[in-house]
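Each remark here refers to the structure printed beneath this line.
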Amino acid sequence: MDEKDKPSADEAALSARLHRLGDRLSETRKDRNLRAGQSDGRDGNTTASASAMARGFRLSSELIAGVLVGGAIGWGFDRLLSTSPWGLIVFFLLGFVAGVINVMRTAGVANKPTDRM
């Protein structure tokens with residue numbers, strides 16, 4: 001009965017191989033988890049990049065809209081009052097200033113106006 005209770009050499013070798021295999025599997029799982037964490041970081045960078053691009057488009061569109069609206073109002077005044085280039089020049093510059101102020105407000109550089117009562 002003592003011989004049955006003792007593990008044979010084959011069983012000991014098999015147990016050692018299973019232990020080494022388990023160690024290798026756990027290392028492989030750790031490597032995969034690290035790689036998955038890095039790829040999630042890349043996805044986060046992609047999301048941040050897309051968000052930054054959206055913010056850039058928003059800022060540029062606000063500047064362009066201010067200039068175009070100012071130019072259109074100036075052109076309208078010139079047509080209405082026959083003051084050929086002066087209305088366009090003045091309102092074009094005012095539109096540019098308004099666009100820059102909107103960009104600064106949106107970017108957080110300038111504070112939004114508050115009620116000063």
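Note: hydrogens, waters and symmetry copies are ignored here, and every other heavy atom, side chains too, is used.
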Does one hydrophobic cluster hold both [X] and [Y], with members joined at side-chain heavy-atom distances below 4.5 Å?
X: Leu93; Y: Leu88; value: no
X: Val90; Y: Val69; value: yes
X: Leu80; Y: Ile89; value: no
X: Ile73; Y: Phe96; value: no
X: Val67; Y: Met104; value: yes

Consider only side-chain N and O atoms of Asp78 and Ser84, and report whether a donor and an acceptor are under 3.5 Å apart. no
Strictly distance-based, threshold 3.5 Å: is any side-chain N or O of Ser60 a donor or acceptor partner for the main-chain N or O of Gly56? yes
Output yes when a side-chain donor or acceptor of Arg29 lies under 3.5 Å from a complementary backbone atom of Arg24, and no otherwise. no
Atom [atom1] of [X] and atom [atom2] of [Y]: how far apart are they, to the nearest 0.5 Å?
X: Ser15; Y: Asp10; atom1: OG; atom2: CG; result: 12.5 Å
X: Glu11; Y: Leu14; atom1: CD; atom2: CG; result: 8.0 Å
X: Leu59; Y: Arg105; atom1: CG; atom2: CZ; result: 14.0 Å

Contact summary for Thr106 and Arg55, nearest pair of heavy atoms: O-NH2, 3.5 Å
Residue list, ring-ring contact (aromatic ring centres under 6.0 Å, His included) with Phe92, at least two apart or on another chain: none
Check each of Val103, Ile101, Asn102 against Leu63 using the side chain to side chain contact (heavy atoms under 4.5 Å, CB included) test, and report the only one that passes. Val103
